[in-house]
Amino acid sequence: MQKRKLGKNGPQVSAVGLGCMGMSISYGEPNDVESIATIHRAIDLGVDLIVTSDAYGNGVNEELVGKAIKGKRDKVLVATKFGNLALAGGAPAGLSGGHPDYVPQACEKSLKRLGVDVIDIYGLHRVDKTVPIEDTVGAMKRLVEQGKVRYLQLSEAGAQTIRRANKVHPIVAVETEY
């Protein structure tokens, strides 16, 4: 499997990653046994980037990925996202998806569901228009400093937003529809 470096200071990952959303929502009936077998086969073939989100089934997909990578953690980089509240079950009262107080709460839930001590790539699933990106990424940066997250990512962000975010902390990946 070919490898790619994410960003200037990011990790090496397989050129093909495995997005796991469809294993829990959107594309037919979920089949956890088949999904876990698919993740295992992908790992056997050299795929080492496994991508999920707390929004995929309100955390159900993160739990599935956690089961699949148990005992294989040293073979994969786990990427998950937060901040898409419409699919993630909402945030505590008064907080929005990119609110700096919500960021660590979302991270703790993801760590628990994934069954890991650290998330390799943690991303903002949707930019929160009510919060400056610098504040959201500042909260994400604190997770890196605490050792809960290794790298940061943004989804569905424009060029200016990415530049502003990158001034706070390096953004190693941008996920957008292709």
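The shortest distance between side-chain heavy atoms of I39 and V76 does not fall below 4.5 Å. No side-chain heavy atom of L6 sits under 4.5 Å from any side-chain heavy atom of Y151. Counting heavy atoms from C-beta outward, L85 and H125 have side chains that stay 4.5 Å or more apart. Taking 4.5 Å as the limit, every side-chain heavy atom of K148 sits out of range of all side-chain heavy atoms of R142. The side-chain heavy atoms of P11 and R150, taken from C-beta on, include no pair separated by under 4.5 Å. The closest side-chain heavy-atom distance from V172 to N9 is not below 4.5 Å. Within the 4.5 Å cutoff, the side chain of D120 has no heavy atoms near those of the Q153 side chain. Between F82 and C107, every side-chain heavy-atom pair lies at or beyond the 4.5 Å cut-off.
Cluster annotation: V149 and M140 are assigned to the same hydrophobic cluster (Ile/Leu/Val/Met/Phe/Trp/Tyr, side-chain heavy-atom contacts under 4.5 Å, transitive).
Around atom NZ of K5, more than 12 heavy atoms belonging to other residues, nucleotides or ligands sit under 6.0 Å away.
The nearest pair of heavy atoms linking D128 to L124 is N-CD2, 4.5 Å. Closest heavy-atom contact between Y122 and A106: OH-C, 3.4 Å.
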Expected list for residues 131-138: side-chain donor-acceptor pairs under 3.5 angstrom, two or more places apart:
| residue | atom | partner | partner atom | Å |
| --- | --- | --- | --- | --- |
| E134 | OE1 | R164 | NH2 | 2.9 |
| E134 | OE2 | R164 | NE | 2.8 |
| T136 | OG1 | G98 | O | 2.6 |

Residues 111-118 side chain polar contacts: donor-acceptor under 3.5 Å, at least two apart:
| residue | atom | partner | partner atom | Å |
| --- | --- | --- | --- | --- |
| R113 | NE | E62 | OE1 | 2.6 |
| R113 | NH2 | E62 | OE1 | 2.8 |

Only distances under 3.5 Å count here; give the side-chain donor-acceptor pairs of residues 12-24 to other protein atoms, sequence neighbours excluded, each with its distance to 0.1 Å.
| residue | atom | partner | partner atom | Å |
| --- | --- | --- | --- | --- |
| S14 | OG | V16 | O | 2.7 |
| S14 | OG | D48 | N | 3.0 |
| S14 | OG | D48 | OD1 | 3.1 |
| S24 | OG | N61 | ND2 | 2.8 |

